[in-house]
Chemist: 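Sharing a structure below in structure tokens format, with a few things to ask.
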Amino acid sequence: MRPRHLAGIALAVPTAFGLAALLLTEAVVTSAPEGPAGYYLRNSIADSGAINVVTTVLLDYRAFDTLGEASVILASVAAISALLAGSKPERTEQGLSPLVQTSIGYLAAVFWIFPVYIVFHGHLSPGGGFQGGVSLAVLVILVYVVFGSTRASQHLTPSLLHGAESASALGFLLLGTVGIAQGFAFLANAAAGFPTGEPGRLVSGGVIPLLNLAIGIKVAAGLGSIYLDILSADDTP
Amino acid sequence: MTPEIPFYMVLGLVIACALGAVLLRGYITSIIVLSIFSITVTVAFAFLQAVDVAMAEAVIGAGLMTAIFVTAISKTRRRS
């Protein structure tokens, strides 16, 4: 091991342990939170009808910030597509062995249940559109790795993914403009007339489940198409 | 929530995996150790009751980044 590495370890290990100790001592909440955090914890269920406070903050109080996060993914997908534009999709991949293909062919019918559950229960349990969408993108990657890009690209075409991403981004914006049309803020939830329902039920939380669905489709299609762009990149410069 | 001994063991594992990802030879080895690092960070987040972040870390770090890194390195390693 070279001396350069030893010096790096000698710096990194105490720094990491010190940071961990500092975070642990600071992370323990000893009293009821004040300010915005206290307001959110006390009023989020009454304001939106969703029992998951994190989702309420992400998609009701701070929904405009979430729109910014989704725009970051859209921008990165556009940049990667622009960088790798012009490369022909690789048509020689044959995928894994028939044994793996058959078993994954049955199991993939079960695998999509978890992401869809995470997306649709985003206002009830931990998780939401982003986590479920990334799981769905991993499922797209799994299909491409196991079955090979020749067979997979006949069904999960890149244009289908791009279209799904654009449509869900447009859906997010249209759901936001309902608030403006009702005379309230952009992305307003209960104030814009969305029924909050009974807290704890699957149909509750006003616009939050719809926004979760839009973000889930958008993240899944965006990250899946990033992988497809990298997969079809020309590797003979 | 008071910190406990298993949590400190997970933190030590996180640091060990981070060092291994930097110091080990070979791209594929580093990528696999990096995905193990993501799993250990997920366990640490779950200890801290941040289940949302743990879920995102598991899916992105262990699933998506591994696939993207392996594909990118297999496309760039050998040049004719």
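Sequence lines set the chain letters: A, B, ... in the order given, protein chains first and strands last, and positions in each chain run from 1. This structure is a prediction, so every number in the text was calculated from the model and none was measured.
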Chemist: Would you say D52(B)'s side chain and G127(A)'s backbone share a donor-acceptor pair under 3.5 angstrom?
Modeler: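 Present.
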Chemist: A quick test of your reading: do over 12 heavy atoms of other residues, nucleotides or ligands sit less than 6.0 Å from OH of Y61(A)?
Modeler: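 Buried by this count: over 12 neighbours within 6.0 Å.
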Chemist: Side chain of Q131(A), backbone of V59(B): donor and acceptor closer than 3.5 Å?
Modeler: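 Judged by distance alone, no pair lies under 3.5 Å.
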Chemist: Quick check on V54(A) against chain B: is it the side chain, the backbone, both or neither that has a heavy atom closer than 4.5 Å?
Modeler: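 Contact with chain B: side chain only.
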Chemist: Could you walk me through whether F69(B) and I230(A) pass the side-chain contact (heavy atoms from CB on, under 4.5 Å) check?
Modeler: CA-CA 10 Å; F69(B) 273 145; I230(A) 293 176; over 6 Å; no
Chemist: For residues 209-228 of chain A, give me every residue with a non-hydrogen atom less than 4.5 Å from any non-hydrogen atom of chain B.
Modeler: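 Residues L223(A), I226(A), Y227(A) are the ones that qualify, each having a heavy atom under 4.5 Å from chain B.
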Chemist: Which answer fits I15(B), side chain, backbone, both or neither, if we ask what part of it has an atom under 4.5 Å from a heavy atom of chain A?
Modeler: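 Only the side chain of I15(B) comes within 4.5 Å of chain A.
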Chemist: Show me, pair by pair, the donor-acceptor contacts under 3.5 angstrom made by side chains of residues 9-20 of chain A, not counting sequence neighbours?
Modeler:
unit_1, atom_1, unit_2, atom_2, d
T15(A), OG1, L11(A), O, 2.5

Chemist: Please examine the side chains of T71(B) and Y144(A), heavy atoms only from C-beta on, and report whether any two atoms are closer than 4.5 Å.
Modeler: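 Side chain of Y144(A) against side chain of T71(B), heavy atoms only: no contact under 4.5 Å found.
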Chemist: Please classify the contact between I60(B) and chain A as side chain, backbone, both or neither, with a heavy-atom cut-off of under 4.5 Å.
Modeler: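 Both parts, backbone and side chain.
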Chemist: Measure the spacing between CZ of F114(A) and CE of M55(B) and express it to the nearest 0.5 Å.
Modeler: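 CE of M55(B) is found 5.0 Å from CZ of F114(A).
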